[in-house]
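Chain letters run A, B, ... following the sequence lines, proteins first, then strands; residues in each count from 1.
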Number of protein chains: 4
Amino acid sequence: MGKAARKRAYILEKAKGVFMEKGFIAVTMKDIVDACNISRGGLYLYFSSTEEVFLALFLREAEYEQQRMEIAIWENLPAKEILLDYLEKRKKLILKKSPSLTQAGHEFLTRNSDAQMIKKWQFDGIAEMLRGLILYGIQTKEFKQVDAGTWARHIALFLYGLELTAQSLDLHEGIVDEQINFTIRGLV
Amino acid sequence: MGKAARKRAYILEKAKGVFMEKGFIAVTMKDIVDACNISRGGLYLYFSSTEEVFLALFLREAEYEQQRMEIAIWENLPAKEILLDYLEKRKKLILKKSPSLTQAGHEFLTRNSDAQMIKKWQFDGIAEMLRGLILYGIQTKEFKQVDAGTWARHIALFLYGLELTAQSLDLHEGIVDEQINFTIRGLV
Amino acid sequence: MGKAARKRAYILEKAKGVFMEKGFIAVTMKDIVDACNISRGGLYLYFSSTEEVFLALFLREAEYEQQRMEIAIWENLPAKEILLDYLEKRKKLILKKSPSLTQAGHEFLTRNSDAQMIKKWQFDGIAEMLRGLILYGIQTKEFKQVDAGTWARHIALFLYGLELTAQSLDLHEGIVDEQINFTIRGLV
Amino acid sequence: MGKAARKRAYILEKAKGVFMEKGFIAVTMKDIVDACNISRGGLYLYFSSTEEVFLALFLREAEYEQQRMEIAIWENLPAKEILLDYLEKRKKLILKKSPSLTQAGHEFLTRNSDAQMIKKWQFDGIAEMLRGLILYGIQTKEFKQVDAGTWARHIALFLYGLELTAQSLDLHEGIVDEQINFTIRGLV
DNA sequence: TATGAATGAGTGTTCATTCAT
DNA sequence: GATGAATGAACACTCATTCAT
């Protein structure tokens, strides 16, 4: 990795904290500059707007997460275990008090309807992944014979909505657990 | 209605368009001034911040909607019909292509955790209403013997998330229908 | 007194409280409007700036005070008693916590070097009055044989300065008494 | 002196002219910006309010003057000569036709009762200094056996008041001389 | 006369963006 | 490449002043 690439990676890493803290809209170039401890002009050598920073960050995160997921799925672990792991991970994000990258991504989408990549990642990719998992669970008899596509989309949408709203609605852990268990019971 | 009240109502009406267009965070007093075709100072005679405008607007909308709902529920129609009507109404909001006040309300909540009124309206009130409806449906044997509270919260959360995300995710009507029907099938 | 004159007098009375509270510079037409409980436009029917209000007020006060003084002096009271009374009156103004009309007048003079009337009243008139009093006291052998003009101007300047600075310097009563007694001792 | 310090010094120098011209209350950040020929935002890099500018300016001036004074006092010159020099210096300030920083400082104190530094400089410090000088003069038999504290405060107050009022009252040099000589005669 | 809604100019303050070093 | 000082546009907010009623 060249020096420039390393600097870009550094900026994205620091920016991630900022976006997780403040969402997307409220973030200014100054926030990122401050978080990175670099000069105002320095940031502009690599990115020329918060949009650009966020897109690059989101792309990086998406690629990374995609890999982690595929590995987990194809390790032949029990479907139920994979699902529980996944839900557990989402639950942590949901219960986090500060905005998540999901929230920032949502704010970004609200203003930039043509950000296909984010759209794909925030929903399509996850729904597809869940569908694969459900089909696999049906095959291993762990799950009921349900319509995998519909269920996958339902879970994806439900979790996405839950993550966006949990903090603003002040949902406590009890309700989040209740809702997640409710979802699993429908499937298993 | 006095002159001042009429002017307030006029401002709220114009501001509604602005909030539906741009959400809450991105709206400035100047946006509202421009939409109303009044002077900068003129707006300050009625409202002194975007927060104040939005709260007044939201309260007005909430009161109006509340009335519509209560009437429908207490007309003793079959539970299933009331639910379908309600879901149909939400579906229309969900499929509307331009941003709704729900999105603006969500942004408001993201920055203003103490806006109890909005929180109540966006979620608590609706969950409670749905719970009453489900209990009523169970009593009339229209619905299965389910945990009314859990289901009510599930539907409320799911619809809220769906409304927030539908446009940004570009969900087409097929998927929205699929998801709504899926929800009803679980209940009936 | 006609209706208009009565209204003018009313406005001046209320404005006096405002100027005593806030000095001259910080007072806005809105402050006066609020204190008078009249409409914005209404005030403009009588005065078209804070300058105008203040000048009218100062003139009125000056005329009133002038009369009181002259009466006291020509009642043939002992010179020392008249002087003590006068100093006692000034002391009260000096120890008052909020700005006095003197302070407001000073602020006015700072911005309007051509306000001869105020200048005359704040200093020349008082010096002249004190000079008459000192001459009278010398004649009645109550005061030493001093240069009446110089002493009069000294006392006038000293009291004026003391009144302006007492609050901002946080002078407590002990120091004010000390300084006033010091002045009297030089004379008697 | 670094570049930033030089710029700060430049701003203070230009601001000094503004404060001497307009006092403190009437000065806006725009006035300072215009006097410095810099951009609106540029000023905010160094100071974020007129208060801040003025305090920095006053501190600088105070430090400079303090040094001059201490040197004069401890050079063991005759007390009378030091006093005359000091009064001569004050007389120049008093007769200067344009407003002085003293007026601005006074306005600042009027609105900002907790500016101890200014209070100390405008009065306490000077009274203390004069007291030391009078005691020294009594010791060398140059001055009469007077109450040094009372006299020191009297002179400090009198000069302060004189400086504030001289221009607004349009006192000509004859009167200022008369008053200063009068003060000296009381002491020597 | 009297009202008070309405205006718009002026000021404070923040930030994206540029540029000399 | 890197810096950070500087700029200026944009927005929040206040207030003197006007004007239709």
By nearest-heavy-atom nucleotide on DNA chain F, the more 5' of A:Tyr46 and D:Ser39 is A:Tyr46

Check: B:Asp31 side chain, B:Thr28 main-chain N or O, donor-acceptor pair, under 3.5 Å: yes

Grab the CE-C1' distance between D:Met29 and E:dT14 for me, whole Å please. 13 Å

What class does the angle between the rings of C:Phe24 and C:Phe54 fall in, given that below 30° is parallel, 30 to 60° is tilted and above 60° is perpendicular? tilted

For the side chain of A:Lys7, counting heavy atoms from C-beta on, which of E:dA16, F:dA2, F:dA5 is nearest? F:dA2

Between the main-chain N or O of A:Cys36 and the side-chain N or O of A:Tyr10, is there a donor-acceptor pair closer than 3.5 Å? yes

When you measure from the side chain of D:Ile38, which nucleotide among F:dT7, F:dT3, E:dG12 comes out closest? F:dT7

Please classify the nucleic acid contact of D:Ser48 as base, sugar-phosphate, or nothing, using heavy-atom distances under 4.0 Å. sugar-phosphate

Can you tell which of E:dT18, E:dC15, E:dT3 lies closest to the side chain of C:Leu45? E:dT3

On DNA chain E, does the nearest nucleotide to C:Leu43 precede the nearest nucleotide to D:Asp31 from the 5' side, or the other way round? Give the residue. C:Leu43

Which heavy-atom pair separates A:Ala56 from A:Phe47 by the least distance, and what is that distance? CB-CE2, 3.8 Å

Mapping A:Ala4 and A:Gly41 onto DNA chain F by nearest heavy atom, which one lands closer to the 5' end? A:Ala4

Can you tell me how far P of E:dA16 sits from OH of D:Tyr44, to the nearest Å? 18 Å

For side-chain hydrogen bond (donor to acceptor under 3.5 Å, both in side chains), just list the numbers for A:His106 and B:Glu107, CA-CA rounded to whole Å, side-chain angles, deciding distance to a tenth of an Å, and then say yes or no. CA-CA 11 Å; A:His106 177 65; B:Glu107 291 183 8; over 6 Å; no

So does C:Arg40 reach the base of F:dT17 with its side chain, donor to acceptor, closer than 3.5 Å? yes

To the nearest angstrom, how far is D:Arg8 atom CZ from F:dA5 atom C1'? 15 Å

A:Asp34 CG to E:dT14 P: how many Å, rounded? 13 Å

In whole Å, what is the span from the CD atom of C:Glu52 to the P atom of F:dA16? 14 Å

Check the distance between E:dA6's P and C:Lys30's NZ and give it to me in whole angstrom. 16 Å

E:dT14 - base-pair partner by Watson-Crick or wobble geometry, distances under 3.5 Å: F:dA9

Separation of B:Ile11 atom CD1 from E:dA6 atom C1', in whole Å? 11 Å

Counter-base of E:dT21, judged by Watson-Crick or G-U geometry with both distances under 3.5 Å: F:dA2

